[in-house]
Amino acid sequence: MSNSKLYKGSLSTIILQLLFKEDKMYGYEITQRVKELTKGELNITEGALYPALHKLEAEGLLEVEMKKVDNRLRKYYKLTQKGTTESVSKLEELERFMQTMNGLIDPKPSLG
Amino acid sequence: MKKASQEQLERLFQFTNQHFVDYYDVQLELVDHLANAIEEQWQENPEKDFETALQEEFKKFGVFGFLEVVEARQIAMQKRYYQLMWKEAKEFLKLPKVFMTAACFMIIFTMITTIPNGIFILAAFLLPLIVVFFSTLISKRKKEKAILKNNNRKPYLLESLILQAGQVGSYIGFPIQVFIFIPDHLMSNFWVGIIYGALLTGFGLVFHITLFLLPRKRDEILREAYPELKWQQV
């Protein structure tokens, strides 16, 4: 994906978070939403997105719903119960990581 | 907003075919993705040529094209197939089927430990079984291929796994190999009986599940894995 390798490890978290907020989305919609939310800063490539979606589906975190739209079938992804729980814990994990990185990069001067 | 026509959608199916996407479920998802992306390009430039837009979108998949997507899907579906196998196998460890499993184990164990040259008699039984396994597999595949041809579509990935008996055929030589590695003086040993009895029973179960049970439930399994099948013929 992306302009930066730093985002790579967070792809599953990003997908789970989007689905947590949006209920159900299809692959192309996810790529576009990320681009829109990050104002083009983060660009999820197709070659990374679908493998990640399929992996999450195999792990039982996502389930699939098909809809007929414009003469073709569209595959929507939704969080399962397990996926909802996982999205919360993944977000906490990411927040802890960001705090740690913040502490490392910009340590507050100690008073001691 | 300009939309992809039926012919253009068919061209997209053909395009995924040409780029080694051999499964209908993966094709469906990629066709919708490409069509969305092309339509997005048309929003900015409605005159843009369909083929040019398609090539631009394909490039975004990177140097391996659709390969990574197909591979990830294969891993995911293989996992699902193994889960289905395990679900069936568990039935053979519960009442009432556990009696069949235990009987199978006891027959093999008794043959190895008490009947002189029992292990060779077993091996002699195994060989025709293996032949039956492959011939059944081949005839089933032929029949299914004809059905797919009639329906004019590629197989679904899970359907393909069911057809190939989850590729367990590649391990079929294993029970025979085990004979080769047992030293002569251990041929009727108690522990060889236990281990080999368990192994052969396990293999028997795997073949029974992959070759008969799962293909019998094919439609039910596919409808659960692919909700879109309600619009299509299996």
Side-chain angles (χ1 to χ4, degrees), chain A residues 1-5 7-8 11-12 15-16 18-19 22 24-36 40 42-80 82-83 86, chain B residues 1-10 12-13 21 24-40 43 57-83 157-158 223-232:
Chain A
M1 80 196 242
S2 108
N3 348 34
S4 164
K5 280 184 185 168
Y7 291 113
K8 251 189 179 171
L11 184 54
S12 309
I15 294 171
L16 292 175
L18 281 177
L19 291 171
E22 300 274 337
K24 64 178 179 190
M25 291 177 96
Y26 54 97
Y28 185 73
E29 192 183 11
I30 295 176
T31 59
Q32 295 310 101
R33 189 60 48 85
V34 170
K35 214 187 273 180
E36 184 189 310
L42 177 57
N43 186 18
I44 298 183
T45 60
E46 289 72 2
L49 174 73
Y50 287 102
L53 282 170
H54 297 159
K55 190 167 166 265
L56 291 171
E57 191 192 338
E59 285 168 1
L61 302 178
L62 301 183
E63 60 185 350
V64 168
E65 196 184 298
M66 297 297 285
K67 267 195 172 174
K68 220 168 191 170
V69 185
D70 304 328
N71 266 349
R72 55 186 188 252
L73 286 172
R74 180 160 295 164
K75 188 175 176 183
Y76 284 92
Y77 293 91
K78 290 161 65 158
L79 287 183
T80 57
K82 192 177 161 196
E86 185 73 12
Chain B
M1 185 178 167
K2 192 175 165 189
K3 295 279 177 195
S5 67
Q6 198 56 46
E7 291 77 47
Q8 285 164 335
L9 291 177
E10 271 159 32
L12 291 179
F13 270 106
V21 183
Y24 188 61
D25 41 342
V26 190
Q27 283 185 327
L28 273 181
E29 190 165 37
L30 289 172
V31 164
D32 182 49
H33 179 97
L34 293 168
N36 280 320
I38 292 168
E39 286 165 358
E40 183 89 15
Q43 248 188 329
E57 288 309 323
F58 181 57
K59 269 188 199 151
K60 292 185 187 167
F61 278 83
V63 280
F64 297 112
F66 300 136
L67 199 69
E68 283 172 304
V69 180
V70 174
E71 274 177 4
R73 193 78 193 139
Q74 271 171 334
I75 295 169
M77 276 301 162
Q78 190 87 44
K79 199 170 170 185
R80 192 166 188 142
Y81 185 83
Y82 288 145
Q83 279 167 354
L157 218 163
L158 194 56
R223 280 181 204 286
E224 207 185 305
Y226 302 111
E228 67 267 33
L229 279 172
K230 63 181 167 204
W231 286 292
Q232 270 144 357

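Below, read A as the first sequence line, B as the second, and so on, with proteins coming before strands; counting in each chain starts at 1.
Separation of atoms CD (B/Gln8) and CG (A/Asn71) is listed at 11.0 Å; rounding is to 0.5 Å. To the nearest 0.5 Å, atom CD of residue B/Gln27 and atom CG of residue A/Leu73 are 12.5 Å apart.
For B/Ala225, no part lies near chain A; criterion is any non-hydrogen pair under 4.5 Å. If you measure heavy-atom distances from B/Leu9 to chain A, the contacts under 4.5 Å come from the side chain alone. Interface remark: B/Lys3 contributes side-chain atoms only to the contact with chain A (heavy atom separation under 4.5 Å). Both the backbone and the side chain of A/Glu59 have a heavy atom closer than 4.5 Å to some heavy atom of chain B. The contact between B/Arg80 and chain A is made entirely by side chain atoms (from C-beta outward), counting heavy-atom distances below 4.5 Å.
When all heavy atoms are compared, the tightest approach of B/Leu28 to A/Met66 is CD1-CE, 4.3 Å.
Of all residues spanning residues 64-72 of chain B, those with a heavy atom less than 4.5 Å away from chain A's heavy atoms are B/Glu68, B/Val69, B/Ala72, arranged by number.
Using a 4.0 Å cut-off between charged side-chain N and carboxylate O, A/Lys75 and B/Glu29 make a salt bridge. The existence of a salt bridge linking A/Arg72 and B/Glu39 is confirmed by a sub-4.0 Å separation between a basic side-chain nitrogen and an acidic carboxylate oxygen.
Inter-residue side-chain proximity for B/Asn36 and A/Arg74 is flagged as met; some heavy-atom pair is nearer than 4.5 Å. Using a 4.5 Å cut-off on side-chain heavy atoms (C-beta onward), B/Lys79 and A/Glu57 make no contact.
Between chain A and the options B/Glu57, B/Glu40, B/Gln83, B/Met77, the largest number of non-hydrogen pairs under 4.5 Å is found for B/Glu40. Interface check for chain A: of the options B/Leu30, B/Val26, B/Asp25, B/Asp32, the most heavy-atom pairs under 4.5 Å are formed by B/Asp32.
Under the 30°/60° scheme for interplanar angles, the aromatic rings of B/His33 and A/Tyr28 are found to stand perpendicular.
Heavy atoms of other residues, nucleotides or ligands lying less than 6.0 angstrom from CD of B/Glu224 number 12 at most.
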